[in-house]
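Heads up, the thing below is written out as structure tokens.
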Amino acid sequence: MQEVHDFLKKCGTYYLATVDGDQPRVRPFGTVNIFEDKLYIQTGKSKDVSKQIQKNPKVEICGFAEGKWVRVAGELVRDDRIEAKKAMLDAYPSLQQMYSAEDDNTEVLYFKNATATFSSFTDAPRSVSF
């Protein structure tokens, strides 16, 4: 999981895919944090992406850096604890202008039953589960 975290941080921007009815939706994301041995991302509960995740928690993210990419497939679980939100916002101070650990909009989610596959054009794919 640490390797996945570090790779996504190196990417800066990664892309999160959700399902909206029968339509896939993909958007750029940039938050990733490890808290209590779980890999977290962050969004706002008022956003469509949050509503899509709550209806169908199966997602996939993909990030690319230095000629390699990672795809992470799994389920996202909402964690409403202030401690989890605070850990994310401490890792991304710029978000504190828009979000607060105490507000009703900040949402942090962790991966459950996740598999990350590292790939490139030259090496065989390699997977890790967490």
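Only a predicted model underlies this, so the values are computations on that prediction, with no experimental measurement involved.
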Exercise. Taking atom types as modelled, is there a side-chain donor on Gln52 or Asn56 under 3.5 Å from an acceptor on the other?
Worked result: no
Problem set entry | Polar side-chain atom of Tyr92 near backbone of Val32 as donor-acceptor pair, under 3.5 Å | yes
For this session: Determine whether the side chains of Asp79 and Tyr40 contain a donor N or O and an acceptor N or O closer than 3.5 Å.
Result: yes
Exercise. Atom NZ in Lys112, atom CD in Glu75: separation rounded to 0.5 Å?
Worked result: 5.0 Å
Problem set entry | Hphob cluster co-occupancy, Val49 + Val19, side-chain heavy atoms under 4.5 angstrom | no
Exercise. Any salt bridge (charged side-chain N to carboxylate O under 4.0 Å, His left out) pairs touching residues 87-105, not counting sequence neighbours?
Worked result: Lys86-Asp90
Exercise. ring-ring contact (aromatic ring centres under 6.0 Å, His included) with Trp69: which of Tyr15, Tyr14, Phe121?
Worked result: Phe121
For this session: Could you check Gln42, Lys45, Gln54 and say which one makes a side chain to side chain donor-acceptor pair (under 3.5 Å) with Glu107?
Result: Gln54
For this session: Determine whether more than 12 heavy atoms belonging to other residues, nucleotides or ligands lie under 6.0 Å from atom CD of Glu66.
Result: no
Problem set entry | Closest non-hydrogen atom pair, Phe64 against Cys11 | N-SG, 3.4 Å
For this session: For residues Ser100 and Thr106, report the shortest heavy-atom separation together with the two atoms involved.
Result: O-OG1, 2.9 Å
For this session: Return yes if some donor-acceptor pair links the side-chain N/O of Glu60 with the main-chain N/O of Arg71 below 3.5 Å, else return no.
Result: no
Problem set entry | CG on Leu8 to CD on Glu3, rounded to 0.5 Å | 10.5 Å
Problem set entry | Close side-chain approach of Val4 and Leu39, heavy atoms under 4.5 Å | yes
For this session: With rounding to the nearest 0.5 Å, note down the distance linking OH in Tyr110 to NZ in Lys38.
Result: 4.5 Å
For this session: Identify the two heavy atoms, one from Ala116 and one from Val70, that lie closest to each other, and give their separation to 0.1 Å.
Result: CB-CG2, 4.0 Å
For this session: Please report the closest heavy-atom contact between Gln2 and Ile34, naming both atoms and the distance.
Result: OE1-CD1, 3.4 Å
For this session: Go through the steps to decide whether Phe111 and Met1 satisfy the test side chain to side chain contact (heavy atoms under 4.5 Å, CB included), and finish with yes or no.
Result: CA-CA 10 Å; Phe111 273 93; Met1 180 177 38; over 6 Å; no
For this session: Check step by step if side chain to side chain contact (heavy atoms under 4.5 Å, CB included) holds for Val128 and Thr115.
Result: CA-CA 6 Å; Val128 295; Thr115 299; over 6 Å; no
For this session: Answer yes or no: is there a side-chain heavy-atom contact under 4.5 Å between Arg81 and Glu36?
Result: yes
For this session: For Pro28 and Thr13, work out which heavy atoms get closest and say how close.
Result: CB-CG2, 3.7 Å
Problem set entry | Side-chain donor-acceptor contact under 3.5 Å, Ser50 with Thr43 | no
Exercise. Taking atom OG1 of Thr18 and atom CD of Gln23, what is their separation to the nearest 0.5 Å?
Worked result: 10.0 Å
Exercise. Side-chain contact, heavy-atom cut-off 4.5 Å: Asp20 with Asp48?
Worked result: no
Problem set entry | CG on Leu16 to SG on Cys62, rounded to 0.5 Å | 11.0 Å
Exercise. Hey, is the main chain of Ser46 close enough, under 3.5 Å, to the side chain of Lys51 for a donor-acceptor pair?
Worked result: yes
Problem set entry | Interatomic spacing from CZ in Arg27 to CD1 in Ile61 - rounded to 0.5 Å | 12.5 Å
Exercise. In terms of hydrophobic clustering (I, L, V, M, F, W, Y; side-chain heavy atoms under 4.5 Å; direct or indirect links), are Val26 and Leu109 co-clustered?
Worked result: no
Seminar exercise, completed: Closest non-hydrogen atoms of Leu89 and Gln96, given as atom of the first, atom of the second and distance, are O-NE2, 2.8 Å
Exercise. Do Ser127 and Thr117 meet the criterion of a side-chain donor-acceptor pair at a distance under 3.5 Å?
Worked result: yes
